[in-house]
Amino acid sequence: MGLKNQTRSSEFLLLGLFEGSEYQQLFFWLFLLMYLVTMIGNLLIIVAVGSSTHLHTPMYFFLANLSFADISFISTTVPKMLVNIKTQNNAISYSDCLTQLYFFIMFGMVDEFLLATMAYDRYVAICCPLHYTLVMSPQLCFLFISITWAFNVLYSLLHTLLMNELDFCAKNEIPHFFCDLKPLLKLSCSDIFINELMILTIGSLVGLIPFLCVIISYVYIVLAILRIPSAKGKQKAFSTCSSHLSVVSLFFGTVFGVYFSPSSNHSAQRDLIASVMYTVVTPMLNPFIYSLRNRDMKAALVRLF
C-alpha cells in the first residue's frame, strides 16, 4: 500500500472499551465467547447452505455470503482486542492500524450491500412470486455479489489511502478498541478537510443507498402483504422476511447512531457501546435469528448433525 513514513507516530495505543477497568479479564472471556459463538454459528450456516440442495436458492446464497462477511468483519477487530487485553499491551503499529481500518470499512460496507440485496430478493419473492426464478437468476445473483465485493474493495481503499496522507503528531491514544475513521481523524495534525468531505459526500451516499433500497423494498413488501386477503397468508408472507428485517434493524440502527447522528449528541462511551453492537453483537446474533426463525434452515442444521 506504500504507507507514508513522514508521520511522527510509528504506532498507536488502543485504549479499549473501558480504560484501566478492573474487569479487563471478564471482558476478555466475554468477548472470546462471543467471538467463538459468532465463528461457529456463521460457519454452520455456510456449511448448511452448501451441503443442502434445498437451500440452493438466491436467499440462502446471499445469507451464506453475509455469514462469510460477518466472520471476516468480527475477525478484523476482536482478535486484536483480545490480544491487547491478554498481553496488557495496547500498541498497534501504524501499518497494522491502516490495514485494520481498510478491512473494517470493506467488510462493514459489504454487510450493508448484502442486506440491501437480500431486501430486494424478499421484494421479488413476495411482490412478484411468479417471476421470482426468472428475475433472481443465478447470473443476476453472481452479478450482485461481484459488484458488492469489487465496489467495496475500492471504496475502502479510497478512505485508507486518504488516511495514509495524514500526519499524526504528539498524542497517539485512540479511545476505541479498533482503528476507526473518526477517532483517527481526531488525532491527526494535518488538514482533514478532504477526508471529512469524502466521508460526508461519498461515504454518506454509499451508506444511504443500501439503506434506502431496504426501506423502498419493505414499503412495497408491506403494501403487498396488506393486499393478501387471509390472515394466514399475511402471516406466512411476513415470516419469510421477518428474520432479515430483524437483522437490518439491529445493524443499521447502531451504524446510523454512530456515524450519522449530530456530533453534539455524541459521547465516547455511547459510540463505543454502539460500535460493539454492530461489530460484535450483530454478527453473533445473525445465525440465531436466521436459524431459529427459519424452518428450512433449522431442518438443514438438523440434517447436518
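Because the structure is predicted, anything quoted here is derived from the model rather than measured.
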Minimal non-hydrogen separation, [X] against [Y], with atom names:
X	Y	result
C179	L184	CB-CD1, 4.1 Å
L115	V214	O-CG2, 4.0 Å
A48	M297	CB-SD, 4.2 Å
V206	E112	O-OE1, 4.5 Å
C141	P58	SG-CB, 3.6 Å
P183	H176	CG-CD2, 3.7 Å

A side-chain contact here means heavy atoms from C-beta on lying under 4.5 Å apart; do [X] and [Y] qualify?
X	Y	value
N90	F12	no
L166	L185	yes
M34	P283	no
N89	N84	no
I228	S230	yes
L33	W29	no
L114	L63	no
E165	L161	no

Decide if atom [atom1] of [X] counts as having more than 12 heavy atoms of other residues, nucleotides or ligands within a radius under 6.0 Å.
X	atom1	answer
H54	NE2	no
Q235	CD	no
F68	CZ	no

Enter the distance from [X]:[atom1] to [Y]:[atom2] here, rounded to the nearest 0.5 Å.
X	Y	atom1	atom2	answer
T76	Q100	OG1	CD	7.0 Å
F103	T160	CZ	OG1	9.0 Å
M198	L200	CE	CG	9.5 Å
S51	I46	OG	CD1	11.5 Å
I192	D167	CD1	CG	13.0 Å
Y60	L66	OH	CG	13.5 Å

For [X] and [Y], take the angle between the two ring planes, folded into 0 to 90°, and tell me which bin it lands in: parallel under 30, tilted 30 to 60, perpendicular over 60.
X	Y	answer
F27	F31	perpendicular
F62	F144	tilted
F104	F73	parallel

**Item:** Within 45° cone of F28 ring axis and under 6.0 Å: K86 NZ or CZ
**Value:**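 So K86 does make the cation-pi contact.
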**Message:** Name the residue from I92, N172, L14 that meets the side-chain contact (heavy atoms from CB on, under 4.5 Å) definition with C97.
**Reply:**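 The side-chain contact (heavy atoms from CB on, under 4.5 Å) with C97 is passed solely by I92 among I92, N172, L14.
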Spell out, yes or no, whether [X] and [Y] are grouped together once hydrophobic residues are joined by side-chain heavy atoms under 4.5 Å, including indirect joins.
X	Y	value
M81	L13	no
Y218	I209	no
I40	V49	yes
V83	L101	no
L157	F107	yes

Under 3.5 Å, side chain of [X] to main-chain N/O of [Y], donor-acceptor pair present?
X	Y	answer
S188	F168	no
S67	I45	no
D180	K182	no
N152	T148	yes

**Asked** Hey, are Y278 and D111 close enough side-chain-wise for a donor-acceptor pair under 3.5 Å?
**Response**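 There is no such pair (donor and acceptor under 3.5 Å, judged by atom type) between the side chains of D111 and Y278.
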**Message:** For the residue pair R303 / S52, report whether a side-chain donor-acceptor contact shorter than 3.5 Å exists.
**Reply:**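 Per modelled atom types, S52 and R303 side chains form a pair under 3.5 Å.
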**Request:** Please step through ring-ring contact (aromatic ring centres under 6.0 Å, His included) for the pair F151 and F113, ending with a clear verdict.
**Result:** CA-CA 10 Å; F151 176 82; F113 275 63; 5.6 Å; yes
**Message:** Please determine whether side chain to side chain contact (heavy atoms under 4.5 Å, CB included) holds for the pair V153 and Y102, giving the CA-CA distance in whole Å, both sets of side-chain angles, and the decisive distance to 0.1 Å.
**Reply:** CA-CA 9 Å; V153 164; Y102 172 80; 3.3 Å; yes
**Message:** One pair to check against side chain to side chain contact (heavy atoms under 4.5 Å, CB included): F177 and L15. What are the steps and the verdict?
**Reply:** CA-CA 6 Å; F177 63 97; L15 299 184; over 6 Å; no
**Asked** Can you name the one residue among T279, T38, N65, N286 that meets side chain to side chain donor-acceptor pair (under 3.5 Å) with D70?
**Response**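 With D70 as partner, side chain to side chain donor-acceptor pair (under 3.5 Å) holds for just one option, N286.
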**Request:** Just do the side chain to side chain contact (heavy atoms under 4.5 Å, CB included) check on I71 and Y35 with the steps written out, would you?
**Result:** CA-CA 9 Å; I71 289 173; Y35 180 68; over 6 Å; no
**Asked** Hey, do the aromatic rings of H159 and Y155 have their centres closer than 6.0 Å?
**Response**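 Under 6.0 Å, so yes.
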**Item:** CA sep, side-chain torsions, deciding dist, call: F288, V37, side chain to side chain contact (heavy atoms under 4.5 Å, CB included)
**Value:** CA-CA 10 Å; F288 293 99; V37 169; 3.6 Å; yes
